[in-house]
Engineer: 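Take a look at this one; I'll ask things after.
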Amino acid sequence: MVLADLGRQITLAVQKMSNSPVFDEDTLNDMLKEICGALLYADVNVRLVKKLRENIKNVIDFEEMAVGLNKQRIIQRSVFTELCKLVDPSVEPYKPVKGKCNVIMFVGLQGSGKTTTCTKLAYYYKRKNWKACLVCADTFRAGAFDQLKQNATKAGIPFYGSYTETDPAVIAADGVEKFKKEKFDIIIVDTSGRHKQEESLFEEMLEVSNAVKPDQTVFVMDASIGQACEGQAKAFSDQVDVGAVIVTKLDGHAKGGGALSAVAATGSPVIFIGTGEHIDDLETFAAKPFVKKLLNMGDVEGLIDKVNELGLDDNEELMKKISHGQFTLRDMYEQFLNIQKLGPFGQIMNMIPGLGGDVIGKAGEEESARRLKRCTTIMDSMHGSELDSDNPMKLFKVQPSRLERIARGAGVMIPHVQELLSQHQKFAQLVKKMGGMKQLFSDKPVRGGAQANQRQMADLSGQMAKMMDPRIFQQMGGMNGIQNMMNQFSQGGGGFPGMGGMGGLEGMMSAAQQMGMGPGGGGRGRGGGKKKK
């Protein structure tokens, strides 16, 4: 995401201030100058930047502040708070109710990505087990219905439209009525793109709105127009009751920060952001988690919520096996399937502290998804006895013909199967280490209390660090970064206290894909290297 550049510049400015041996007003002004410059470059309105600068400066008074206070920490907290205010209008959007027909009407500028975003939103709700459908009321643009039809068919979403009817209000009303009879939870109506100067199209938008009486009107905004979107958003709000905004194309333009801040200035809440062209490149938007990910602080709470929403933590049998240090190929297979359900790797990695930004890049994300798919295909070719073996590495070493059979069945090379076995061995070692830490699986106080638990978490962090790619290890901030990530997982709730339930396990294994520990990683682990001949 291009916004990662903005986050990196702000983070560097704050780190530079924190590392300064002397902290005075000059140091603060230098930091604010860099932050404001980065925000202005991202096309944030100068009025908003000025207000942010003033608010941060008002937080601290060098003359009156007590000597013992940590001024750097206060400034860091203030920067975070003001950035949240910049993109948060403090307005609660409409929340669909399951079991009721929720009609959502999309409006927006021409070329802003409305039709694609309609399908993305329908797919988002479909993955959450809502009955979602699409209605094409765009009769102005040639090929609009064909595009929606193609997208909906690919995503497996029911749709309605007409090649013969020319009145969009009639099409919208007929489509909504049809899907209401079929008890759909989410009915999304796509309308023609328009500009604020086009009065005739605005009148058409009002007609469609009056015909379907939407529960929520969503304005789709193209991030590439930056702060200019404030005027467009206000013009649409004057005509219809815009209840929420979706900002698209945030992955490809430096003006995304300006677009988000300008929308917040209108008082309309941003509910989703588009981060790519694929159907699952749609992320829910909330100010605090967004700023955390922007500053590479991660969003572990969001990751665990994502896991809990998908119901991936209902596996007492696996938790019991892990508590005894057991982890078979079948267990790894199930966890890999769960990781695939979580969504794109890039979104997951941005939720893990230290692994956001451009750590893996788009190409790396696609390669990781391909490797994960290849691993599940290899395990699909295995017998039940192989998947459930306590020591699969020994089994395949004694009977190497199994390797050839599995490789042939999966359509891969033998080294790919060997690589999978090697990665399973690493995970099994980690789980064995966890199994020896009985305190991680107990809610009862144990002798030694918090100190014993801290020692065990430190041992577990050390085990993970040894298995990581050195480059990722440095990116995460060394051992302190690993321990910080582990602590955040441990506070996630659910499951066993030390790992934040299955949310912690899924998060750890997903991170492992990029740490050189799993099939998505490319490193040999710390201290690794080429084997001597």
Side-chain angles (χ1 to χ4, degrees), residues 1-62 65 70-89 221-231 233 247 249-266 270 273 275 285 287-298 350 353-354 356-359 361 475 477:
M1 186 188 291
V2 177
L3 275 178
D5 295 333
L6 171 61
R8 191 159 35 245
Q9 290 177 56
I10 295 174
T11 303
L12 287 172
V14 175
Q15 285 177 349
K16 189 176 176 183
M17 176 208 69
S18 301
N19 295 334
S20 176
V22 178
F23 184 66
D24 53 20
E25 197 155 352
D26 290 336
T27 312
L28 175 62
N29 287 333
D30 288 342
M31 181 200 73
L32 288 175
K33 184 179 179 181
E34 291 184 34
I35 290 176
C36 292
L39 291 170
L40 290 170
Y41 184 77
D43 203 39
V44 177
N45 189 286
V46 66
R47 184 183 71 253
L48 298 174
V49 174
K50 183 184 176 185
K51 186 178 178 182
L52 177 140
R53 179 188 176 93
E54 289 172 352
N55 288 347
I56 293 175
K57 289 201 76 172
N58 290 337
V59 167
I60 189 164
D61 189 326
F62 288 93
M65 187 167 283
N70 188 329
K71 301 181 183 70
Q72 283 99 330
R73 182 58 62 85
I74 293 171
I75 292 297
Q76 288 170 356
R77 194 180 301 122
S78 177
V79 169
F80 176 78
T81 302
E82 291 304 319
L83 286 172
C84 289
K85 287 181 183 177
L86 199 63
V87 294
D88 185 10
M221 174 62 64
D222 184 346
S224 64
I225 68 173
Q227 59 179 287
C229 71
E230 183 175 357
V247 180
K249 307 179 187 178
L250 267 174
D251 59 316
H253 212 282
K255 291 185 177 182
L260 287 169
S261 59
V263 169
T266 68
V270 178
I273 53 176
T275 56
F285 180 87
K288 284 186 179 179
F290 175 79
V291 174
K292 277 186 176 182
K293 288 185 279 187
L294 185 71
L295 301 180
N296 207 14
M297 294 162 63
N350 279 334
D358 297 325
V359 174
Q475 175 75 27

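Starting from 1, each residue takes its place in the sequence as its number. As the structure is a prediction and not an experimental result, all values here were calculated from the model.
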Engineer: What distance separates Leu32 CG from Met17 CE, expressed to the nearest 0.5 Å?
Structural biologist: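 One gets 9.5 Å once the value is rounded to the nearest 0.5 Å.
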Engineer: Identify all side-chain donor-acceptor contacts of residues 79-86 below 3.5 Å with residues at least two apart in sequence or on another chain.
Structural biologist:
| from | atom 1 | to | atom 2 | distance (Å) |
| --- | --- | --- | --- | --- |
| Thr81 | OG1 | Arg77 | O | 2.9 |
| Glu82 | OE1 | Asn55 | ND2 | 2.9 |
| Glu82 | OE2 | Lys85 | NZ | 3.4 |

Engineer: Can you check whether Phe285 reaches Val247 side chain to side chain, under 4.5 Å on heavy atoms?
Structural biologist: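 In short, these two side chains do not touch, never coming nearer than 4.5 Å.
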Engineer: Side chains of Ile273 and Phe290: does their closest heavy-atom pair fall under 4.5 Å?
Structural biologist: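 Yes - at least one pair of side-chain heavy atoms lies under 4.5 Å apart.
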Engineer: How close do Ala13 and Met31 get, heavy atom to heavy atom, and via which atoms?
Structural biologist: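 So the minimum-distance heavy-atom pair works out to O-CG, 3.6 Å.
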Engineer: Quick one: pull up OG1 in Thr11 and CD1 in Ile35 and give me the separation to the nearest 0.5 Å.
Structural biologist: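 Result: 9.0 Å between the selected atoms.
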Engineer: Can you sort out the partners of Ser78 under side chain to side chain donor-acceptor pair (under 3.5 Å), two or more places apart, ordered by chain and number?
Structural biologist: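 Listed in chain order: nothing, the list is empty.
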Engineer: Does Arg53 reach the side chain of Asn29, with side-chain heavy atoms less than 4.5 Å apart?
Structural biologist: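 Sidechains of Asn29 and Arg53: in contact.
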